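For clarity, every value in this text was computed on a predicted model and none was experimentally measured.
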Amino acid sequence: MNLQPLHDQVIVRRREAEKTTSSGIIIPDSAKEKPQEGEVIAVGTGIKKAGEATIPLEVKKGDKVLFGKYAGTEITLEGQEYILIKEQEILAIIL
């Protein structure tokens, strides 16, 4: 990927939406909701505060994360969809 996020920004690839329910019912595209979890693809350099050292981000490349429904900005790079999101909008790291 030819994109490096700045400061406290993180690039996340959203998890694929479920195609069927647990009981086997096929979900049509019009009824699918976008998943609120994904994998961190790239992270920024950290938060810079005046007169202090740079504070590194808590998330790292490869982490599975949970984020808000309306968080971030959707972008498309090389045919893939990603979300550019601030670290503070990430709700949790999935262990």
Side-chain angles (χ1 to χ4, degrees):
M1 174 185 300
N2 296 327
L3 186 67
Q4 173 64 45
L6 299 175
H7 310 296
D8 64 340
Q9 298 286 330
V10 179
I11 297 176
V12 176
R13 179 176 35 229
R14 195 183 295 263
R15 181 180 60 84
E16 291 291 323
E18 296 292 326
K19 297 181 182 192
T20 59
T21 64
S22 58
S23 60
I25 298 172
I26 297 173
I27 303 170
D29 289 338
S30 60
K32 289 181 187 173
E33 285 194 30
K34 292 183 179 179
Q36 296 175 336
E37 59 185 74
E39 179 183 357
V40 174
I41 302 301
V43 296
T45 56
I47 302 168
K48 294 184 180 184
K49 294 195 175 187
E52 297 180 22
T54 301
I55 301 169
L57 301 181
E58 291 185 46
V59 297
K60 60 187 178 305
K61 185 177 179 179
D63 282 350
K64 305 285 186 224
V65 295
L66 182 66
F67 49 88
K69 189 172 191 171
Y70 302 106
T73 303
E74 294 183 359
I75 58 174
T76 302
L77 294 170
E78 301 170 358
Q80 290 283 335
E81 291 186 12
Y82 300 99
I83 301 170
L84 184 61
I85 188 172
K86 286 186 169 282
E87 185 189 42
Q88 67 190 26
E89 293 180 298
I90 294 175
L91 305 173
I93 297 173
I94 301 170
L95 303 174

Distance-minimising heavy-atom pair for P5 and V10
CB-N, 4.4 Å
Please name the pair of heavy atoms, one in F67 and one in R14, separated by the smallest distance, quoted to 0.1 Å.
CE1-NH1, 3.8 Å
Treating Ile, Leu, Val, Met, Phe, Trp and Tyr as nodes and any side-chain heavy-atom pair under 4.5 angstrom as an edge, say whether I41 and L84 lie in one connected cluster.
yes
Set of salt bridge (charged side-chain N to carboxylate O under 4.0 Å, His left out) partners for [X], sequence neighbours left out:
X	result
E58	none
K61	none
K64	E39
E81	none

Hey, could you give me the [atom1]/[atom2] distance between [X] and [Y], rounded to the nearest 0.5 Å?
X	Y	atom1	atom2	answer
H7	L57	NE2	CG	11.0 Å
R15	L66	CZ	CG	10.0 Å
I83	Q36	CD1	CD	9.5 Å
T45	Q9	OG1	CD	10.5 Å
D8	I47	CG	CD1	5.0 Å

Candidate pair I75 and L3, rule side-chain contact (heavy atoms from CB on, under 4.5 Å), full reasoning:
CA-CA 11 Å; I75 58 174; L3 186 67; 3.9 Å; yes
With side-chain contact (heavy atoms from CB on, under 4.5 Å) as the criterion, how do Y70 and E89 come out once you've worked through the C-alpha distance, each side chain's angles and the decisive distance to 0.1 Å?
CA-CA 10 Å; Y70 302 106; E89 293 180 298; over 6 Å; no
Those residues that, when tested against I93, pass side-chain contact (heavy atoms from CB on, under 4.5 Å) (two or more places apart)
V59, D63, V65, L95
Only counting residues at least two apart or in another chain, list the ones meeting side-chain contact (heavy atoms from CB on, under 4.5 Å) with Q88.
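Per chain and number, Q88 pairs via side-chain contact (heavy atoms from CB on, under 4.5 Å) with K86.
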Before giving the answer on side-chain contact (heavy atoms from CB on, under 4.5 Å), spell out for V43 and E87 the whole-Å C-alpha distance, their side-chain angles and the decisive distance to 0.1 Å.
CA-CA 9 Å; V43 296; E87 185 189 42; over 6 Å; no
